[in-house]
Amino acid sequence: MMAGDATDWRDDGKAERFKQLAMPHLDAVYTLARYLMGTASDADDAVQECYLRAFRHFGTFRGGPIKPWLMAILRNTCHDTYVANTGLVYTADSEDTGATQTNPIWREDGETPEQTMLRQHESETMRRLIGELPATFRDVIVLREINDLSYRDIAMIIEAPIGTVMSRLARARALLRDAWVASEGGKE
């Protein structure tokens with residue numbers, strides 16, 4: 001980078017505009033990274049690389065919603081740099097380093113311990129089942145069901161027609177449903 005380049009982005013407010021547009025989506029980008037990567041530290045690295053690339057190429061962003069643009073950069077970062085080289089995917093066995101939520105001492109817990117264990121078991125099972133999906137199906141199900149993106153935004157991110165997104169989602173949901181039933185011992 002040339003000395004003049006360092007002041008150019010400050011002078012035109014690029015950094016501040018990027019911060020205002022991109023930072024509100026950091027949690028959603030990280031969530032996708034956790035599903036695409038094997039560990040929290042790999043997800044951290046992927047998100048950092050994504051935001052560096054996004055900032056570096058912010059001048060090419062042509063407006064509209066920035067979230068799909070960031071997700072596309074993240075997906076490419078994960079697939080090109082990390083997943084292709086290491087074969088890592090997120091699994092339920094990966095430790096969740098997020099903080100646990102506690103209720104105030106003066107309020108009763110809304111769930112019984114049994115309900116909490118069942119909910120955690122179902123959540124871990126679903127994470128594992130999503131992690132076991134083929135990448136083409138895992139990407140669309142995470143983008144749609146977890147990140148709540150529209151079909152159009154997903155199509156832009158995965159660079160495929162909307163019809164392909166819809167068919168992959170239908171297939172991913174069917175695979176998840178079948179895997180869920182199988183994990184529950186075949187009872188529907």
Could you work out, with side chain to side chain donor-acceptor pair (under 3.5 Å) as the rule, every residue matching Gln48, not counting sequence neighbours? none
Could you tell me whether Glu124 and Arg128 have a side-chain N and a carboxylate O separated by less than 4.0 Å? no
Would a hydrophobic clustering, with Ile, Leu, Val, Met, Phe, Trp and Tyr connected at side-chain separations under 4.5 Å, put Leu176 with Val142? yes
When Cys78 is tested against each of Asp45, Leu36, Val47 for side-chain contact (heavy atoms from CB on, under 4.5 Å), which residue passes? Leu36
Identify, with sequence neighbours excluded, every residue that meets side-chain contact (heavy atoms from CB on, under 4.5 Å) alongside Ser150. Arg152, Asp153
I'd like to know if the side chain of Arg138 and the backbone of Leu133 have a donor-acceptor N/O pair within less than 3.5 Å. yes
Arg144 side-chain N/O to Leu149 backbone N/O, donor-acceptor pair under 3.5 Å: yes
The side-chain contact (heavy atoms from CB on, under 4.5 Å) partners of Ala22 (sequence neighbours excluded) come to Phe18, Tyr51, Ile66, Leu70
Under 3.5 Å: donor-acceptor pair, side chain of Lys14, backbone of Phe55: yes
Report yes if some heavy atom in the side chain of Val165 is under 4.5 Å from a heavy atom in the side chain of Arg168; otherwise report no. no
I'd like to check the side-chain contact (heavy atoms from CB on, under 4.5 Å) partners of Ala72; sequence neighbours left out, ordered by chain and number. Ile157
Treating Ser183 as the side-chain partner and Trp180 as the backbone partner, does any N or O pair qualify as donor plus acceptor under 3.5 Å? yes
Enter the distance from Ile73:CD1 to His57:NE2 here, rounded to the nearest 0.5 Å. 7.5 Å
Would you compute the distance between atom CD of Glu16 and atom CG of Leu21 and round it to the nearest 0.5 angstrom? 10.0 Å
Applying side-chain contact (heavy atoms from CB on, under 4.5 Å) to Ala170 and not counting sequence neighbours gives none
Quick one: do Val29 and Met156 end up in the same hydrophobic cluster if we chain Ile, Leu, Val, Met, Phe, Trp and Tyr together by side-chain heavy atoms under 4.5 Å apart? no
I want to check something: taking the side chain as every heavy atom from C-beta on, are Arg171 and Val140 in contact at a cut-off of under 4.5 Å? no
Please determine whether side-chain contact (heavy atoms from CB on, under 4.5 Å) holds for the pair Glu184 and Val181, giving the CA-CA distance in whole Å, both sets of side-chain angles, and the decisive distance to 0.1 Å. CA-CA 5 Å; Glu184 295 292 312; Val181 169; 5.9 Å; no
Any residue meeting side chain to side chain donor-acceptor pair (under 3.5 Å) with Arg173, in chain and number order, not counting sequence neighbours: Glu145
To the nearest 0.5 Å, what is the distance between OG1 on Thr77 and CE on Met71? 12.5 Å
Could you walk me through whether Tyr151 and Leu169 pass side-chain contact (heavy atoms from CB on, under 4.5 Å), step by step? CA-CA 9 Å; Tyr151 291 169; Leu169 269 172; 3.3 Å; yes
In Å and rounded to the nearest 0.5 Å, what is the CD to CG distance from Glu132 to Leu175? 11.5 Å
Tell me whether Phe61 shares a hydrophobic cluster with Met23, the cluster being built from Ile, Leu, Val, Met, Phe, Trp, Tyr side chains joined at under 4.5 Å. yes
Which distance, rounded to the nearest 0.5 Å, do you find between the CG of Leu143 and the CD1 of Ile154? 5.5 Å
Co-membership, hydrophobic cluster, residues Phe137 and Ile146, 4.5 Å side-chain: yes
If you round to the nearest 0.5 Å, how far is CG of Asp178 from CG of Leu129? 11.0 Å
Start with the C-alpha gap between Tyr30 and Asp44, add the side-chain angles, then the distance that decides, and say whether side-chain contact (heavy atoms from CB on, under 4.5 Å) holds. CA-CA 7 Å; Tyr30 182 78; Asp44 290 342; 3.0 Å; yes
